[in-house]
Structures are given as C-alpha cells and as structure tokens.
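Before any comments, here is the structure.
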Amino acid sequence: MALLEVNDLRVSFRTPDGIVQAVRGLSFDVDTGKTLGIVGESGSGKSVSTQTIMGLVRGARVSGTALFEGQDLLTMGSRDLQRVRGAEVGMIFQDPLSSLHPYYKVGWQIGEMIRQHDKSVSKSEARKRAVDLLRLVGIPQPDRRVDDYPHQFSGGMRQRAMIAMAMALNPKLLIADEPTTALDVTVQAQVLQVMKTLQEEFGTAIIMITHDLGVIADIADEVIVMYAGAVMERAGRRAIFYENHHPYTEGLLQSLPGYGDDRERLLPIPGSPPSLINLPSGCPFHPRCPYVMDRCKTDVPELAPVGGDVTHLSACWLPHDMDARNARRKDVIGHAEPAPAEALAGAEAAGGEA
Amino acid sequence: MARFLIRRILQGILVMWLVTVGVYLIFYIGPGPGAVARTLAGKSATPQVVAEVSHRLLLDRPIYVQYGHFLWLLLHGDLGYSFYHQQSVNSIIGAAFPITLSLVIGSAILWIVLGVLSGVLSAVRARSILDRTFTLLALIFYSMPTFVLGLLLLLVFYYELTIHGIHAFPGSGFTSITANPWQWFRGLILPWITLALVSAATYTRLTRGSMLDVMGEDYIRTARAKGMPERRVIFRHALRAALTPVVTQYGIDVGVLLGGAIITEVVFGMPGLGFTAVQAIQQQDLPVVIGVVIVAAAAVVLANIVVDALYAVLDPRVRLH
Ligand SMILES: Nc1ncnc2c1ncn2[C@@H]1O[C@H](COP(=O)(O)OP(=O)(O)O)[C@@H](O)[C@H]1O
Ligand code: SF4
Ligand SMILES: [Mg+2]
C-alpha cells in the first residue's frame, strides 16, 4: 500500500462566471521515502489538488478519495485531520515571507506546532527543539535567530525555517508547493539540498510541486505532468526527460532555458492555458499542440501505457509505440530526440546523478 | 523607533501650540477690543469691573504680551479664571473630567468587546444569517443619532420602569465612584450602553473587513497546515494581525471622546466636559470654553501618540525599523 493514494480527485469552484473545474479526475500514489514531482504551468491545478487533500481549500466541490495510510483524508473529521496536518504531513509553500506569521517570532511559530501536537512539551523544551531544527536546516547562530521575526530573515533562511517547521514532528510526507520559486538560483539549490538531506535522514516521502523541470531533474523519482486539472503524462524522472511521450511534456522541456550557451533556442509553448470554465473539447491541449490531429479535437484521450510500460502513462492520441512517436517528433519539430540536448544537460547537471 | 516617537511627540507639541494660537485668535482677538472684557465681566457689570477684568487679563496691553501671558499660564497648567462661576477653570474641568472619563472608559470597553466579537463572528461566518444580522444591527446603530438612542433607552428603562414603580436606573446625573460605587455604576449603565452601541457598529464593520483580509493570508493557511485548531487560527493568528487597524481607530475615537462625549452627556444630564462646554457656550463663559477646547485637543494629540506607540508594540516590523 502506498503512503498516499489519490483516486479520481475532482475539485470545482462555483464562481459568478461559471463553474471552474480546477482538478478533473486526478489519481496518483506516493510511496514512503520517495519523491513525486508534480509539474505543470501555473493554473494547472497543482496547488488546489494538494491543498484539497489536506482540507485547506474552502468553498469547493470535491469528490474522489485521498487515502493516507488507508484513511480517507477527504472524509475525515476535522479533529482527526488536524492531527494529521503538521504531525503526519508537513507542508511548505511558495512564498516563505507571507507564509510565516509576521507578528510572531520564528522559534515561537515552530514551537507552537510542536506543542499543539504534543501537549507534554514545555515552552522551553519547544524552544530548544526549535533551535535544534533551525540548526538542522543550516541556519547560522540558531540560538539567536530563534527569537527573530520572519522579516529579519533572508528569503532562503525563511524557506529553511518553513522546512524546519514542516519537518519538526518528523512527518511521513512533506508537500512542498513551489518551495524554491520565490528564491534566487543559488539559494534554490541549497534549499533543495536541505530537503534531500532530511529526506535521506528521516525517510520522508515528498510531493514536490513545481513549474520548473530543473527542480524535477534535481529531486523527483516519479513525475506527473498536469495540464488543465488533469494528468497528461506520468513516468519516472528519466523517461520524462529522455522518452517523454506527451507533446505538453515536450513543450515544457523546450521552454526550459539551456543553462549557459544558446539561450535563443528557448521555445515557450505558444498560446496560454485554457479556461477551466469552458474547456476545449477532446484533448485539452489541442489548441496549443503542434501535433494536433482531427481526432484530438473531439475525443478525450485517456491515460494509457507507453510502449507497454505500465509505469509510463500518457494521455495522448499519438502512437504509444515510442519509435512511431519519435518519427512523428522528427516530422513536426525536426528533432528525433525528445528535447533540445542542451536543455536536458542543464537540467540534469543541476540534478547531479543522471 | 524611539526616534520616530520623539518626532511624533514634537509634532504633537507643535499642534498644541497651533491650537493655542488659534484659540487665542478666535476668542480674544476675533470679538474686537473691549468686547472680551465686557463679555467676561457679565451683562450687569459696571465699567469699573470691566476695566478690572481687562487689566487682570492684560487686555489693555499689546497682543503679543496678552498671548505671551496666556501661554505662560497655560504652560504652568493654569487654564484661567471663570468670572461667571467665580472659580478657576482648572477646578471646573477637574470636576467635569472624571465624569467624562467614567463614561468613556466604560463604554469603550463595552464597544470594543462587542465590536470585535461581532466582527470576528461576521467574518468567520461571512454571508451567513448571523453575519447579515450583525450587518443590519451595525447599520441601524451606525445611522441612529446618539440622542435618539439615548432618549429611547431613557424612555424604556427609566420612564416606563419608573411609572411601574421600578427604579432601576436614575434618569440623569452622576454619582462619583468614591461617594457610592453602586450608584456610580447604576447611573452609568444607560449612558455606557448608548455610547457603546453607536460606536460598536464601526468596529463590527472594521473588524469584519480586516479579518476577512487576514483570513485570506498565506500565514493563515500555514497555521491550518500546522494542525492548529480553527479557534486558535482565528483568535491567535488571524485576529492578532487583524487588530492593528482596529486599535488605531480605537485610540483616536477614545481620544476624541475624552474631550467630551457631548451628546451622551447632555441627554443623560451628566456634567462632564462636553456638557460643561455646551453650558459654557450658552453662558458665554469664554475661559471655560477655551479650557475645554485645549483639554480636548490635548486628548486627541495624546491619543495619536499613544496609537503610534501601540502600532510599534503590535507590529514587530514597525518596532524594529
Ligand atoms: N477559490 C477558488 N475559486 C475559483 N477558482 C479557483 C480557486 N482557487 C483556485 N482556482 C482556480 O483553479 C485553477 C488551479 O489553480 P492552482 O491549483 O492554484 O494552479 P497551480 O498551483 O497549478 O498554479 C486556477 O485556474 C485558479 O484560478
Ligand atoms: S491528443 Fe492530440 S492534441 Fe492532445 S496532445 Fe496528443 S496529439 Fe496533441
Ligand atoms: Mg500553485
């Protein structure tokens, strides 16, 4: 049994303009100690889906199941869910400055959570543990910094503090929603390193949400690629980079800056994500897809194995045989390989082991 | 921070000085030479008395000497002499101020509790029946003139009860807390409620809006993600941040009222600062009018400085810069 099994999650919002279908039948699992990457352009439903699972989305219509150690988080009572939040599942968010309370000291905010879940911990013990946690995530002079307010920290330190807080109770799962997006590149790498180190030490599973394939290359074991609230492709990290099937995945890779030389090769996906109120018929990606066929405009492609590999799924009408798929790639975009080589090299170099 | 406060205090002193200049110009220079002394001495005063008053206030000397004298006395805490009451203005204000203070402190506690609690409930249950009820009540009390509410309360709780033989509340007046605490309390209940209800409405709306803003902040999501119970999220995390604009408004409102809650005092016949000022104007008792104006201005200036200091206490981002 996977640690977290999400099945056919659907989330919609009623708005004055119509019903926003933010998540449309999302399914995935996360295994203990592994990292699942969720990638997709902004607005593809990454945050709404994970926050819905944790009961943090208000005013939405939700269906499906999200089994955490076999218990459905979506139907769990609020008391039980409060026990899971923080203690079993830690969360960190995109903007660490706005995510920390501006009026409370960093150490107090960490200690508050420790004491909420373990009433036997005294205030001074909680503070001591906050100091240790800040040290663990690499904050210099933690015994002094513990009494600082968030605005006295740098961006990278704030995110480290958020990680310290999320990891304080040694949760089984850490959901990181674009944790490095607001940080500059060198700090990004350090923060990811902290997460990887903690993961190795404590065996924490991670859901890493990002729109940056560089981050995926760095940390993910498995990857799901989301578009318009649904999974377009799901595969191991290597397959995403070297044997991707879905044109949307390919588009994301082509828009990755080739770290270093030749920045002109950067090719953004033309057009913009669809309205979630009036979704395109057929394949949701068809208005922007260079491979679009007649069938794509009318029939919705289901997730299906690529090349007979059940761990690699793609929701696309292109041939699921990789040789035939690559032949089409060559016809349409002039590359036989899945993506520009320099972009991949850059992403993989950032990721360390290949 | 200290520097900021010192600057605000200096600004406050400047404002107070401008107030004294303004008051002096309006009340002493405006009416023209001779008029002031005649007014002060009273209608039936003989020319000798008028001349004596004129001499005592240095009204027969150049303007800058007159003003200098006025300011000099003020700086020594001397607000002048009321010829009408044959009493120093200090003692008149000294008697009136505790009454206003009793009224304002009690109602301020009531209205901040009522306003903040109803505002929080409204925000947490936004668009519920409860929220709509509070909104409606706030609107009613906000648009109801203070004297209407005061008279209404008097009608029901004083007049109606009294003719049925129940003497629950006095109809007017004030008993000092040192003379009889129970009478003091009883006499203040209706004025407190009046002033609190008309003021609370603003706080309900202010707190509701501020809470709704804060509840959408990322750090509230973090608090929930940490597993904090909803009650703690609302009061410890959201309200803490939402209170800053409320406290600012509160300081200023309390400051303004400390200069005299005129209508409430008049309706309930409480001889506080506001009542005293109205009476002094009718009696053309200039020194008392000036005294109340200066005390009221000082209360507002002081309230502003206190609010600035509170701001720093409440928000560490202000404190440390
Ligand atoms: N409360 C809400 N009401 C209406 N629409 C919402 C709400 N929250 C999110 N959405 C919409 O859901 C879609 C998915 O948002 P999100 O999950 O934040 O995207 P991502 O995290 O992938 O960038 C967006 O189009 C967003 O506008
Ligand atoms: S189904 Fe058609 S439109 Fe959709 S991604 Fe595949 S080829 Fe493109
Ligand atoms: Mg997001």
Side-chain angles (χ1 to χ4, degrees), chain A residues 47 50-51 53-59 78-106 108-118 147-152 158 161-162 165-166 168-169 171 174-178 182, chain B residues 1 4 116 120-128 130-131 207-208 210-248 307-321:
Chain A
S47 301
T50 43
Q51 287 177 25
I53 292 167
M54 295 314 297
L56 297 175
V57 170
R58 319 224 127 189
S78 61
R79 280 279 156 83
D80 292 328
L81 193 56
Q82 272 161 26
R83 259 195 292 278
V84 173
R85 289 181 191 153
E88 307 277 334
V89 182
M91 292 188 88
I92 56 181
F93 303 100
Q94 175 165 344
D95 183 351
L97 180 58
S98 62
S99 296
L100 287 162
H101 200 301
Y103 290 2
Y104 293 113
K105 291 171 181 172
V106 171
W108 184 91
Q109 297 188 46
I110 298 173
E112 180 196 32
M113 180 172 91
I114 297 173
R115 280 159 52 80
Q116 176 64 35
H117 292 281
D118 183 352
D147 291 324
D148 276 358
Y149 290 93
H151 72 270
Q152 294 170 287
R158 283 177 207 135
M162 279 296 287
M165 185 151 78
L169 297 164
L174 176 67
I175 300 178
D177 191 343
E178 312 233 13
Chain B
M1 185 56 220
F4 169 73
V116 167
V120 167
L121 283 173
S122 268
V124 171
R125 308 232 177 288
R127 282 177 293 278
S128 67
L130 189 77
D131 178 24
T207 307
R208 181 185 186 272
S210 181
M211 277 296 281
L212 280 178
D213 287 346
V214 170
M215 292 298 278
E217 291 283 348
D218 288 351
Y219 52 81
I220 298 302
R221 180 182 62 196
T222 304
R224 293 199 178 109
K226 279 158 76 172
M228 293 298 136
E230 197 58 22
R231 181 178 298 240
R232 191 174 169 95
V233 171
I234 291 166
F235 287 99
R236 198 72 199 246
H237 290 255
L239 185 57
R240 173 69 175 76
L243 226 39
T244 309
V246 177
V247 166
T248 309
V307 162
D308 285 333
L310 269 182
Y311 221 89
V313 173
L314 283 176
D315 190 342
R317 288 168 301 184
V318 177
R319 194 185 317 159
L320 297 154
H321 285 290

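Model, not experiment: these values are computed from the prediction. Each chain gets a letter, A, B and so on, in the order its sequence line appears, and its residues count up from 1.
Options M162(A), H117(A), E112(A) differ in how many heavy-atom pairs under 4.5 Å they form with chain B, and the most are formed by E112(A).
With a threshold of 4.5 angstrom between heavy atoms, L56(A) approaches chain B through side-chain atoms but not through N, CA, C or O.
Contact record, P102(A) with P316(B): O-CG, 3.3 Å, taken as the closest heavy-atom pair. Across T244(B) and Y103(A), no two heavy atoms sit closer than the pair OG1-OH, 3.0 Å.
Considering only heavy atoms from C-beta on, R58(A) comes within 4.5 Å of R224(B) through its side chain. Taking the side chain as every heavy atom from C-beta outward, E230(B) and S78(A) never approach each other to under 4.5 Å.
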Per-pair distances, 0.1 Å, donor-acceptor, side chain in residues 213-223 of chain B, under 3.5 Å, sequence neighbours excluded:
{"residue": "D218(B)", "atom": "OD2", "partner": "S98(A)", "partner atom": "OG", "Å": "2.6"}
{"residue": "T222(B)", "atom": "OG1", "partner": "S99(A)", "partner atom": "O", "Å": "2.6"}
{"residue": "T222(B)", "atom": "OG1", "partner": "D218(B)", "partner atom": "O", "Å": "3.1"}

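Chain A is approached within less than 4.5 Å, heavy atom to heavy atom, by R236(B), H237(B), R240(B), A241(B) from residues 235-242 of chain B, ordered by number.
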Evaluate side-chain contact (heavy atoms from CB on, under 4.5 Å) for M91(A) paired with K226(B), printing each intermediate quantity in order. CA-CA 8 Å; M91(A) 292 188 88; K226(B) 279 158 76 172; over 6 Å; no
